[in-house]
S.K.: 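Mind having a look at this structure? Questions to follow.
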Amino acid sequence: MKAYDHKKIEKKWQKTWQEKKTYQTLSAKSAKGKKPFYVLDMFPYPSGAGLHVGHPRGYIGSDVIARKKRMEGFNVLHPMGYDAFGLPAEQYAIANKIHPRKAVLDNVKTFERQLSVIGFSFDWNRTVNTTDPEYYKWTQWIFLKIYNSWFDLSKNKARPIEELVAVFAKKGSEGASAAHHSKRAFSASEWRAMSALDQQTVLMEYRLAYEGYSEVNWCPEMGTVLANDEIVDGPNGPVSERGSYPVEKRSMRQWFMRITAYGDRLIEDLDGLSWPEHIKEIQRNWIGRSEGLLFRAPVKDSDIVIETFSAHFEACHADTFVAIAPDHPLLSTLLEGVTNKSEVLAQAKAITQKREALGDKYKEVEGVFTGRYIVDPLGNGDLPIWIASFALKDYGTGIVKCSAHDERDFAFAKKYDIPLKAVMFPRDEALRAQVQNFEICFSDSGTGVLTEPKEFKGRVAHEVRDAVAEYAVKHGFAKQKVSYKIRDAVFARQRYWGEPIPLSKDTEGILHEVSEKKLPLELPNVKSYEPSGTGESPLASVPTWTRAGYETNTMPGWAGSSWYFLRYVDPKNKKAFAGEAELDYWFNKKHVGGVDVYVGGAEHATGHLLYSRFWHKVLFDYGLVPTKEPFQLLRNQGIILASDGRKMSKRWGNVVNPDEIVGTYGADTLRLYEMFMGPFDASLPWSTESIIGSRRFIERVWRFAEKIETAQNGKQNQSEPSYEQALHKAIKKVTEDIENFGFNTAVSAMMICLNEMEKADYVSVADYKKFLQLLAPFAPHVAEELWELFGEKKSIHVSGWPSYDESKLVSDTVTIMVQVNSKNRAELQISRDMSSDAVKALALASEKVQTALAGMIPKKIIYVPGRLVNIVA
RNA sequence: GCCCGAGUGGCGUAAUGGUAGCCGCGUUCGACUUAAGAUCGAAUUCCGUAAGGAGUGUGGGUUCGAGUCCCACCUCGGGCACCA
């Protein structure tokens, strides 16, 4: 037999698989009863640097699963594509002075070449590229769908905006229970009397995609807006990563997505998903739902009524002042008639600016008295309203009632000499009746903060909370309200390289959408795709573009990636983002989510994985997708670090290129090693030293084929081959481990099996071929080559999956450990079916046991069948 | 500060509450070879010549029995961070 030549074998089979379309996915129509299975990878940014050895880790894992499922007879959808809009592609293009479109094409080629040598079973006919107009046509289409929606709170779902218009015309703003940020109320007749422009402004406050303003990072020297990851900390505040120029906050017109409307559903639906628990937890924390109380309180000597929000209202009876955000929209109205109004406003502005400039580093507790008081709804008298640096306008109502029983409120009150009072729980008589005994659980720790003894684990606080809430609501002091930490997502970039937003504004300021027939609205060619210098997108300097009134902002990087998994299902559809029949076929309605297996990095927890869920839910509300969640099962691959323990990066010069590893050791070895090196989700250092173990294993498998060929004669009749148990164990282990992403232990099981087969003096061809089938998902080329060597004409990758015999997993005799007082003292070889009493007697009879007992009388003997005997003396 | 997760040989790691260290790397010895490499065989947690003893970050606890369960602490990694 020839020596193992990975180069020849891998090239041969990659070519053959392509020619024979071995990995072609069948459409719903042609599947003919074959069950679907959708295995998806997070598609990459085709950056200029190409792949390092860490990138394919996730792809290899998903490929192993896809291959196994294909062998099991599923119609597998295992696609790959490119997420090529966005900052990295644009920066690469600017740095290399080429058009981003050209840069993307070049980089895609590099990626495709690098991926192709690793032997993935992708169906390249279904590839997508977010920058392809035929693709982003549908990104724009979905955007318009979202833009033309409002969120009906009573139905808890998105509905067409025309239906809201109809409600307004009939019943005014009170007619709809909607998620919005409007401050105004209007009657039906007022609505009908509004100008088109005014109506547009009102509707904008309800749409799920809306225009607004937000703070951006503005770099005056560079004349451009910077993303958060383009900024680093300088000695005097934030500076640009490139060039270290100062960066400041600037308010700019933006588009937003009202993801906040879906806060509850985004939390609730996590329960049905098979995702890593910590990713769910990150999303829950990010959304940050808290239930609290909304207190309505009249402002003294005015007709203003304000609402305060408290999520921790346990100590509401101790409230002695009110804090309002320094940038709160109500501030100006509130200060009407106050003598030093302008002075107070100026101070509020100073605080706001300081807070924005310093960001996280601003820790000071600052404030100023407004001169106003509220009349406490709980009967605690008049409480002063302070502007406070810690109050956030976007959380709750932006106004909070404060007491001594909060560390931060306490510090503020001490600084400004605001009177405080402490309550021992509960102060109110009626409340006390309901929750008696609770007061003993709290003590004043000296700072004014009420603490609950640890042994109660927060239970008491919870019960007190519930009791207080019930009481306050019942007596009309407050109503329940939910608040979220999550903010609406900014959906605009002042950049060139993104999907154009398909809207235009006429000279009257009325917005028009680009009709479906005219989609895609293509990105125009420009002379300079670098930032314009004014902070606007380069599109603002394209006369034909601005003359038509088109929106100059482009979509952010996450637009195209929020729905690409839908396109793979039906990538060439011209009439819809995907056909209904295909979606129905591929998206399993028995699950909450559609894609069966999704593999990618954990760093997308609060970005892509949240945005996709949000878009999917909007589409679901319109019945355009069959499942309410996009991804049923999610697994994160660990990051492969360099051998020095740092991240692989050009900067450290520690990058290992997969091309080199494939060249030296072969794709099969690379694949096997990346699966074997440790748990799939663990971050592990790369070790070119250790990879030899995987190579050796493959070579041993290779040489073993020869041994089988020569051993054909003579020993076939051996009835119970010594390796049989190991083989059946391996089949069981590999089958189960692949399903559970336990690739490292699956490889280990195959190694154990091979060790046993090598020790045996005869291995049947049939058994060896079963072994090859186990190996096929991990090392597809060498498995295929050997498969062919044994006369198979059809590919191993569609050959079926071996099954194991439960009865062959156990042997008749077992070795059990005999312990005396839990210490190992002797071993026993016994027959598996020996009775408990017989085993115990045998153990006691052992000489070693008698020595260890040293005359002690056994009090108790524990027998764990097949494992051990423990003699307790 | 708050919320997750993890700590096991020289290294990567493995262990349904039941013989801790499977599998692999490395190392040592042996076979083959003029030699090197490759390959094959044996050994390899630590202390001890051995008998034996110790041992899964630290200290407690539950249990006949704990790497695994419970409590406290230490270290590392991840997420959030004025969210009332």
Side-chain angles (χ1 to χ4, degrees), chain A residues 3 276-286 288-290 292-293 308-313 315-316 319 323 325 355 359-360 362-366 388-392 394-403 405-409 411-412 454-455 483-487 602-603 605-606 636 639 643 672-673 676-679 681-694 696-697 699-700 703 742 744-755 758 815-827 858-873:
Chain A
E277 210 40 59
H278 74 275
I279 299 284
K280 291 191 189 180
E281 205 51 35
I282 287 173
Q283 289 208 345
R284 285 191 197 106
N285 291 340
W286 182 260
R289 179 184 202 274
S290 23
L293 290 183
T308 70
F309 176 76
S310 304
H312 294 284
F313 46 78
C316 56
D319 291 340
R355 197 163 74 171
D360 295 351
Y362 179 72
K363 296 277 178 206
E364 259 171 272
V365 176
E366 282 187 283
S389 59
F390 58 76
L392 303 170
D394 291 325
Y395 188 75
T397 60
I399 308 172
V400 58
K401 286 210 303 159
C402 303
S403 78
H405 302 298
D406 176 280
E407 232 170 307
R408 201 191 38 196
D409 298 351
F412 187 87
K454 273 190 178 172
E455 57 267 31
S483 195
Y484 302 90
K485 289 185 196 174
I486 195 174
R487 301 273 160 269
E603 69 274 18
T606 56
N636 306 118
I639 298 163
S643 42
L672 199 74
Y673 175 63
F676 179 59
M677 58 195 294
D681 58 358
S683 289
L684 301 163
W686 175 263
S687 164
T688 303
E689 234 178 23
S690 303
I691 198 173
I692 191 69
S694 300
R696 278 182 196 145
F697 172 69
E699 289 194 27
R700 276 165 58 205
R703 284 197 301 269
N744 55 331
T745 47
V747 175
S748 170
M750 289 190 282
M751 287 173 168
I752 293 167
C753 179
L754 181 66
N755 289 346
E758 281 178 335
T815 307
I816 63 162
M817 180 55 58
V818 182
Q819 300 181 329
V820 176
N821 287 333
S822 306
K823 273 193 184 299
N824 300 340
R825 294 301 177 184
E827 276 180 13
K859 289 187 195 112
K860 192 164 151 190
I861 302 176
I862 293 143
Y863 174 49
V864 184
R867 298 269 186 192
L868 55 73
V869 175
N870 190 8
I871 300 164
V872 185

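It should be emphasised that the depicted structure is a prediction, and the values quoted were computed from it without experimental measurement. So you know, we letter chains A, B, ... as the sequences are listed, proteins then strands, and number each from 1.
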S.K.: Of all the nucleotides listed (B:U19, B:A84, B:G12), which has the minimum atom distance to the side chain of A:F676?
M.R.: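 From the listed options, B:G12 comes nearest.
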
S.K.: Just N and O in the side chain of A:N744: are any of them under 4.0 Å from OP1 or OP2 of B:G24?
M.R.: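 No, no such contact exists.
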
S.K.: Ion pair present between A:E281 and A:R284, side-chain N to carboxylate O less than 4.0 angstrom?
M.R.: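 The answer is yes: the pair qualifies as a salt bridge.
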
S.K.: Give none if B:U68 has no partner; otherwise give the nucleotide forming a Watson-Crick or G-U wobble pair with it, both distances under 3.5 Å.
M.R.: none

S.K.: With a 3.5 Å cut-off and no angle check, do the side chains of A:D409 and A:S403 form a donor-acceptor pair?
M.R.: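 Per modelled atom types, A:D409 and A:S403 side chains form no pair under 3.5 Å.
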
S.K.: Taking the side chain of A:P679 as its heavy atoms from C-beta onward, which of B:C80, B:A14, B:C25 lies nearest to it?
M.R.: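 My answer, after comparing the listed nucleotides, is B:A14.
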
S.K.: Report the nucleotide, chosen from B:A14, B:G18, B:A54, that has the shortest atom-to-atom distance to any side-chain atom of A:K823.
M.R.: B:A54

S.K.: Would you indicate which nucleotide in B:C25, B:C3, B:U19 comes nearest to any side-chain atom of A:N285?
M.R.: B:C3

S.K.: When you match A:I691 and A:I862 each to their closest nucleotide on RNA chain B, which lands nearer the 5' end?
M.R.: A:I691

S.K.: Taking pairing as Watson-Crick or G-U wobble with both contacts under 3.5 Å, can you name the mate of B:G7, or confirm there isn't one?
M.R.: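 Partner of B:G7: B:C74.
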
S.K.: Please determine, for the side chain of A:T606, which listed nucleotide (B:C80, B:C3, B:A15) has the closest atom?
M.R.: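 Nearest nucleotide to the side chain: B:C80.
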
S.K.: Identify the nucleotide, in any strand shown, that forms a Watson-Crick or G-U wobble pair with B:G41, with both distances under 3.5 Å; if there is none, say none.
M.R.: B:C29

S.K.: Give me syn or anti for B:G5, where syn covers glycosidic angles within 90 degrees of 0.
M.R.: anti

S.K.: Side chain of A:N824 only, please: which of B:U19, B:C23, B:C4 is the nearest?
M.R.: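 In terms of side-chain proximity for A:N824, the closest of B:U19, B:C23, B:C4 is B:U19.
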
S.K.: Judged by each residue's nearest nucleotide on RNA chain B, which is more toward the 5′ side, A:E277 or A:Y673?
M.R.: A:E277

S.K.: Among B:A84, B:C23, B:U19, which is the nearest nucleotide to the side chain of A:S748?
M.R.: B:C23

S.K.: A:S822 side chain: which of B:C64, B:C23, B:A84 is closest?
M.R.: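 Looking only at heavy atoms from C-beta outward on A:S822, the closest nucleotide is B:C64.
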
S.K.: Under the side chain to side chain contact (heavy atoms under 4.5 Å, CB included) criterion, do A:R487 and A:Y395 qualify, and how do the steps go?
M.R.: CA-CA 9 Å; A:R487 301 273 160 269; A:Y395 188 75; 4.1 Å; yes

S.K.: Taking only side-chain N and O atoms of A:R867, does any of them lie within less than 4.0 angstrom of OP1 or OP2 on B:G17?
M.R.: no

S.K.: Under a 3.5 Å limit for both distances, which nucleotide forms a Watson-Crick or G-U wobble pair with B:U63, could you say?
M.R.: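 Pairing partner, where one exists within any strand: none, as none qualifies.
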
